[in-house]
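In what follows, a single structure is set out as C-alpha cells and then discussed.
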Amino acid sequence: MIVRTLQEAEKSERRVVSEGWESTRLLLKNDNMGFSFHITTIYENAELHLHYQNHLESVYCMSGEGEVETVADGKVYPIQPGTIYILDKNDKHILRAKAEMKMACVFNPPLHGREVHNAEGAYELEAEEVSDNK
C-alpha cells in the first residue's frame, strides 16, 4: 500500500514549479501503478500552449475558473469546479486560467517526476526520476 499526503509531497522534490503552473506529483512511474496522479495549480492569468504528444491526460477542476481551447477546431470549453476534460487524442490545446485553478491530473503513461513542458508543450517520455519512493 502507498500512503502519501499532499502536504508532505509539497515539501519534497515531488513539487515541480514552472512558468504559469506548479504540480505536486503524488504518484509516479516508479510506484508501478501504470499511471501518475498530480495536483496541479494553474496560476491566475496563465495561458499555457500544450500538446501532450507522448501522454494521455484526464484533468478534473477542484477550484478556480478558466477555459481550455482545442487548437484543431478552435472550440473553447469553460472550466469550473466539477469540470473534467480528457485529452484522449493527444489534443493540442490552450489552457487559460481566469482565476487560479487547482486540478487533479492523471497521466498515462506515468510521469517520472521532474518533467516540465518542452518547446512544443509536451512532456518527454524519459525524464529524471524523483528519488523518494515513499
Side-chain angles (χ1 to χ4, degrees):
M1 179 181 293
I2 300 168
V3 177
R4 296 190 175 100
T5 69
L6 179 60
Q7 294 75 19
E8 289 173 350
E10 287 174 332
K11 297 174 187 169
S12 75
E13 65 176 20
R14 289 178 174 274
R15 181 174 177 248
V16 175
V17 179
S18 192
E19 190 174 336
W21 61 273
E22 67 180 73
S23 181
T24 302
R25 283 87 190 259
L26 292 169
L27 196 64
L28 293 166
K29 183 176 181 175
N30 62 8
D31 292 310
N32 298 312
M33 291 296 297
F35 62 92
S36 59
F37 180 82
H38 318 175
I39 300 298
T40 299
T41 302
I42 309 299
Y43 302 143
E44 185 173 8
N45 297 318
E47 180 173 298
L48 306 175
H49 294 251
L50 304 169
H51 186 195
Y52 295 127
Q53 300 159 349
N54 303 312
H55 298 85
L56 301 176
E57 183 189 26
S58 296
V59 182
Y60 178 80
C61 180
M62 298 182 301
S63 66
E65 181 184 355
E67 61 187 28
V68 62
E69 177 181 346
T70 50
V71 172
D73 60 13
K75 289 185 181 177
V76 177
Y77 303 89
I79 299 172
Q80 60 189 9
T83 302
I84 188 169
Y85 66 90
I86 297 97
L87 301 165
D88 62 335
K89 295 178 178 53
N90 304 98
D91 312 78
K92 188 180 249 188
H93 61 290
I94 302 168
L95 182 59
R96 298 181 187 95
K98 296 177 182 177
E100 182 177 279
M101 296 189 293
K102 283 271 193 211
M103 317 289 258
C105 307
V106 175
F107 280 89
N108 184 15
L111 271 60
H112 293 271
R114 302 303 302 161
E115 290 90 341
V116 294
H117 301 115
N118 66 20
E120 295 184 14
Y123 291 137
E124 300 295 337
L125 277 176
E126 297 300 323
E128 181 183 351
E129 287 190 9
V130 165
S131 60
D132 72 355
N133 196 21
K134 297 179 182 172

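Note: hydrogens, waters and symmetry copies are ignored here, and every other heavy atom, side chains too, is used. As the structure is a prediction and not an experimental result, all values here were calculated from the model.
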Heavy-atom closest pair, residues Thr40 and Cys105: OG1-SG, 3.7 Å

Should the ring pair His117 and Tyr52 be called parallel, tilted or perpendicular, given that the plane angle runs from 0 to 90° and is split at 30 and 60? tilted

Using a 3.5 Å distance criterion without hydrogens, assess whether the side chain of Glu10 forms a donor-acceptor pair with backbone atoms of Glu8. no

Measuring from Lys102:NZ to Thr41:OG1, what's the distance to the nearest 0.5 Å? 3.0 Å

Using side chain to side chain donor-acceptor pair (under 3.5 Å) as the criterion, list what pairs up with Tyr77, not counting sequence neighbours. none

4.5 Å side-chain heavy-atom contact, Leu50 and Glu57: no

Answer whether the closest heavy-atom distance between the side chains of Glu124 and Glu115 falls below 4.5 Å. no

Any non-hydrogen side-chain atom of Asp31 less than 4.5 Å from a side-chain atom of Arg4? yes

Are Phe37 and Met62 connected in the hydrophobic side-chain network, where two residues link if heavy atoms are under 4.5 Å apart? yes

Spatial distance of atom CD1 (Ile2) from atom CG (Asn32) [nearest 0.5 Å]: 8.0 Å

Using side chain to side chain contact (heavy atoms under 4.5 Å, CB included), reason through Val130 and Arg114 one step at a time and then give a plain yes or no. CA-CA 6 Å; Val130 165; Arg114 302 303 302 161; 3.9 Å; yes

Euclidean distance, Phe35 CZ relative to Leu56 CG, rounded to 0.5 Å: 14.0 Å

Residue pair Gly20 / Ala46: nearest heavy atoms and the distance that separates them: O-CB, 3.5 Å

Report the C-alpha distance between Glu69 and Arg96 in whole Å, list the side-chain angles of each, state the deciding distance to 0.1 Å, and finish with yes or no for salt bridge (Lys or Arg N to Asp or Glu O under 4.0 Å). CA-CA 8 Å; Glu69 177 181 346; Arg96 298 181 187 95; 2.7 Å; yes

How close do Ser36 and Leu27 get, heavy atom to heavy atom, and via which atoms? CB-O, 2.9 Å

Atom pair CE (Met101) and CD (Glu44), whose distance is rounded to the nearest 0.5 Å: 10.5 Å

Side-chain contact, heavy-atom cut-off 4.5 Å: Leu95 with Ile79? yes

Using a strict cut-off of less than 4.0 Å between a Lys/Arg side-chain nitrogen and an Asp/Glu carboxylate oxygen, indicate whether Lys75 and Asp91 qualify as a salt bridge. no

All heavy atoms of Tyr43 vs all of Ala97, minimum pair found to be O-CB, 3.3 Å

Not counting sequence neighbours, which residues clear ring-ring contact (aromatic ring centres under 6.0 Å, His included) with Tyr85? List them please. none

Within this structure, what is the CZ-CD distance for the pair Arg25 and Glu13, rounded to the nearest 0.5 Å? 11.5 Å

Does Arg15 pair with Glu22 as a salt bridge, N-O distance under 4.0 Å? yes

Treat each ILVMFWY residue as a node, draw an edge where side-chain heavy atoms are under 4.5 Å apart, and state whether Val59 and Val76 are in one component. no

Has the side chain of Ser12 got a donor or acceptor atom that lies under 3.5 Å from a matching backbone atom of Arg14? yes

Using every non-hydrogen atom in the two residues, find where Gly64 and Pro81 come nearest and quote the distance to one decimal. O-CD, 3.2 Å

Is there a side chain to side chain contact (heavy atoms under 4.5 Å, CB included) between Tyr60 and Met103 once you walk through the steps? CA-CA 5 Å; Tyr60 178 80; Met103 317 289 258; over 6 Å; no

Smallest separation among heavy atoms of Lys29 and His112, with atom names: CD-CE1, 3.3 Å

Say you draw a straight line from NE2 of His93 to NE2 of His49; how long is it, rounded to the nearest 0.5 Å? 10.5 Å

Could you walk me through whether Leu87 and His55 pass side chain to side chain contact (heavy atoms under 4.5 Å, CB included), step by step? CA-CA 9 Å; Leu87 301 165; His55 298 85; over 6 Å; no

Can a donor-acceptor pair be found, under 3.5 Å and without considering hydrogens, that links the side chain of His51 to the backbone of Asn90? yes

Mark yes when over 12 heavy atoms from residues, nucleotides or ligands other than Met33 sit less than 6.0 Å from its CE; otherwise mark no. no

Check whether Val106 and Leu6 end up in the same hydrophobic cluster, where Ile, Leu, Val, Met, Phe, Trp and Tyr are linked by side-chain heavy atoms less than 4.5 Å apart. yes

Going through the distances and angles, do Val16 and His38 end up as a side chain to side chain contact (heavy atoms under 4.5 Å, CB included)? CA-CA 10 Å; Val16 175; His38 318 175; over 6 Å; no

